[in-house]
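Worksheet for the structure shown next.
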Amino acid sequence: MYWSQGQVPGTMEDSAGVSVGAPLVEIRHLKSHLGETVALRGWVRNARTSKTRFVELRDGSGFVQCVVGANDADEASYELAGKLTQECSITLEGEVKAHPKTGEPEILVKKLELIGGSVDFPITPKDHGIEFLMENRTLWLRSKRQWAIIRIRHTIVKAIRDFFDGDGFTLLDAPILTPSSCEGTSNLFETDYFHEGSAFLSQSGQLYQEPGVPAFGKVYCFGPTFRAEKSKTRRHLTEFWMVEPEMAFAGLDDVMVLGERMVKFILERVLAEKQEELKILERDTAPLELALREGFAKMSYTEAVEKLKTLGSDINWGEDFGNDDETILMNAMDRPMWVHRFPKSFKAFYMEYDRENPDLAMGADLLAPEGYGEVIGGGERATSLDYLLEQIQHHGLDQKDYEWYLDVRRYGNVRHAGFGMGLERAVAWICKLPHVRETIPYPRMMGTLRP
RNA sequence: UCCGGAGUAGCUCAGGGGUCAGAGCGGGUGGCUGUUAACCACUAGGUCGGGGGUUCAAAUCCCUCCUCCGGAGCCA
């Protein structure tokens with residue numbers, strides 16, 4: 001079924017039995033229908049009544065003000081316009097005009113009909129607390145702010161897929177039900193699994209990407225991951241999305257180059273396609289434009305520790321960045337920054353070590369500016385079988401769980417590297433949100449499982 | 001898990017031992033020259049988070065439990 005640009009499927013009588021005469025259009029296309037009579041369907045965001053009545057309508061594609069004048073609309077429609085409640089669904093037709101003050105398209109309504117009523121919509125146009133909003137997450141999604149965030153999230157997801165697809169990567173989906181911890185570093189959700197007894201929800205697709213390297217050269221996975229950590233911070237979810245590319249014949253520097261290209265690809269897309277949404281969020285786009293334009297900063301872990309000390313942190317060499325170390329570091333930074341070559345001690349067992357200093361791991365994290373901190377973590381993978389066996393033992397892992405992983409080294413071993421980017425942290429930074437809980441439609445956190 | 005804060009109308013909050021259980025928003029009714037978190041008037045709406053205690057008297061003080069928020073830790 002095909003229809004012309006700006007039209008949506010619909011007939012003279014739509015499914016709700018409401019008569020529609022003029023061609024149905026989506027609000028996002030109104031600019032190209034100035035002067036025409038069109039029909040719209042959607043939900044009432046707000047309605048103001050004076051002699052002339054104003055209905056703020058949204059249809060998911062955008063927002064528009066509809067003007068119902070006593071002399072322009074028929075009597076029943078004018079009457080109805082005075083009784084509309086928040087979030088009732090309506091259909092209307094009228095002429096598309098430019099707003100006398102703002103110049104934005106608005107609708108001079110001729111006819112208005114109710115589709116579905118709405119009594120006492122809980123989320124009123126005033127302030128609400130986060131507890132209440134989270135309890136009403138399904139209804140909260142209708143708000144302008146959530147609309148903007150979720151649409152930007154969508155654009156970021158699409159940009160990520162387009163970036164890797166266009167760069168010769170093959171999608172290699174990683175399993176979500178796994179037999180054991182991938183990295184052995186964090187707590188996993190456990191569930192029953194037939195004869196195996198237990199299965200665990202994946203905390204990373206990383207180990208499943210490496211075997212894809214000899215098979216496809218460049219691979220990526222992009223799906224949900226799970227961490228059962230009791231973390232209660234602005235940057236933690238128990239269920240979050242991660243994109244994890246892995247490539248053959250690549251090292252630490254290649255990871256930083258790839259990650260930077262990907263982030264810039266994402267920024268370019270969002271800035272090109274989501275200006276309206278960024279404006280709704282009152283996001284100052286200057287830092288994003290700067291990140292897109294300039295090369296990302298680079299600093300070794302050792303340099304970062306020195307810098308942190310001058311900024312007042314009590315961190316010592318050998319310790320992982322604490323709670324606010326990333327924040328302190330990135331408040332002082334105007335663009336994303338790679339921090340590389342960490343002490344091996346707090347990194348995953350599969351990390352390659354630095355030939356120039358065996359105490360260091362060939363890892364790199366990308367920290368987002370404006371206080372956001374880590375969005376990407378990755379690096380070069382250890383290639384030596386003997387070294388890996390030693391690391392597995394050292395981390396208290398069972399070698400027989402990893403034989404399939406070690407085969408990557410046994411058969412056609414090559415240098416390879418990759419990274420993982422947490423989608424929600426990227427969305428939070430790009431939208432400049434104070435907390436990741438708004439970056440995903442239905443957040444799962446310690447203490448939040450509903451709705 | 002630890003530390004701190006908060007639970008009073010549908011929502012956001014004020015009131016902190018004794019004439020008030022209150023305001024704004026939202027709902028209802030009426031008014032209003034194009035409004036935009038519209039505005040104005042009137043109106044309905046409450047087990048002051050649960051339980052226990054102190055007191056002549058508790059929304060208010062004490063204990064306890066629950067929930068949420070912020071932070072720490074853990075982690076990415």
Side-chain angles (χ1 to χ4, degrees), chain A residues 44-57 63-72 81-87 97-102 104 106 108-109 117-136 139-140 143-145 181-188 203-204 206 225-244 319-327 342 346-348 363 365-368 372-378 419-426 428 434-437 445-448 450:
Chain A
V44 173
R45 237 175 73 74
N46 194 8
R48 293 176 288 278
T49 61
S50 57
K51 186 175 180 186
T52 305
R53 288 158 183 180
F54 300 90
V55 180
E56 270 186 63
L57 189 72
F63 305 84
V64 69
Q65 172 168 278
C66 304
V67 185
V68 189
N71 301 322
D72 304 310
K83 290 179 180 165
L84 294 174
T85 54
Q86 196 190 347
E87 290 302 322
K97 300 192 119 171
H99 189 292
K101 287 176 196 161
T102 67
E104 291 293 305
E106 64 172 15
L108 193 59
V109 176
S118 170
V119 178
D120 296 337
F121 189 75
I123 303 175
T124 59
K126 282 273 177 167
D127 291 333
H128 298 281
I130 191 65
E131 181 182 3
F132 177 77
L133 290 170
M134 289 295 290
E135 280 168 6
N136 291 282
L139 302 177
W140 189 20
S143 77
K144 213 167 187 173
R145 177 183 166 83
S181 167
C182 285
E183 306 184 4
T185 53
S186 66
N187 296 319
L188 306 181
Q203 59 157 317
S204 165
Q206 151 68 25
T225 49
F226 307 85
R227 307 274 168 100
E229 299 296 341
K230 292 187 174 176
S231 299
K232 266 182 59 179
T233 80
R234 67 187 68 201
R235 47 174 76 137
H236 287 84
L237 297 166
T238 52
E239 176 181 322
F240 63 98
W241 284 63
M242 189 152 67
V243 59
E244 294 173 278
E319 297 168 359
D320 202 353
F321 293 154
N323 40 68
D324 51 15
D325 285 330
E326 287 183 10
T327 306
F342 297 90
F346 58 76
K347 286 291 175 180
D365 289 356
L366 184 69
L367 309 186
Y372 278 88
E374 183 177 351
V375 291
I376 290 179
F419 66 79
M421 181 179 80
L423 174 65
E424 287 74 18
R425 287 183 177 182
H435 199 296
V436 291
R437 66 185 155 217
M445 298 176 292
M446 177 187 143
T448 303
R450 296 186 173 78

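To find a chain, count down the sequence lines: A is the first, B the second, and so on, and within it residues start at 1.
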Hey, is the side chain of A:Arg48 poking within less than 4.0 Å of OP1 or OP2 on B:U35, counting only N and O atoms?
no
I'd like to know if A:Arg425 reaches the base of B:A76 with its side chain such that a donor and an acceptor end up less than 3.5 angstrom apart.
yes
Can you confirm whether the side chains of A:Glu244 and A:Gln206 place a donor and an acceptor under 3.5 Å from each other?
no
On a whole-Å scale, what distance lies between the P atoms belonging to B:A21 and B:A58?
14 Å
Please determine whether a side-chain nitrogen or oxygen atom of A:Thr225 lies at a distance below 4.0 Å from atom OP1 or OP2 of B:A76.
no
With the side chain defined as heavy atoms from C-beta on, A:Glu374 is closest, among B:A76, B:A37, B:G70, to B:A76
Tell me if the side-chain of A:Gln65 makes a donor-acceptor pair with the base of B:U35, cut-off 3.5 Å, by modelled atom types.
yes
Using atom C1' in both nucleotides, what's the gap between B:G50 and B:U8 to the nearest angstrom?
15 Å
Which of the following nucleotides, B:G73, B:U12, B:U35, is nearest to the side chain of A:Thr233?
B:G73
When you measure from the side chain of A:Ser231, which nucleotide among B:U35, B:U1, B:C74 comes out closest?
B:C74
So does A:Lys101 get a side-chain nitrogen or oxygen closer than 4.0 Å to the phosphate oxygens (OP1/OP2) of B:U35?
yes
If the P atom of B:G51 is compared with that of B:A59, how far apart are they to the nearest Å?
12 Å
Return the value, rounded to whole Å, for the distance between atom CZ of A:Phe132 and atom C1' of B:C13.
14 Å
Just to be sure I understand the rule, does A:Leu133 reach a base, reach only the sugar-phosphate, or reach nothing, if contact means heavy atoms closer than 4.0 Å?
nothing
Record whether the side chain of A:Glu229 comes under 3.5 Å of the base of B:G73 through a donor-acceptor pair of N or O atoms.
no
Taking atom types as they are modelled, is there a donor-acceptor pair under 3.5 Å from the base of B:C25 to the side chain of A:Thr124?
no
Taking only the side-chain nitrogens and oxygens of A:Arg437, find out if one of them lies under 4.0 Å from OP1 or OP2 of B:G70.
yes
Separation of B:A76 C1' from A:Asp320 CG (nearest whole Å)
10 Å
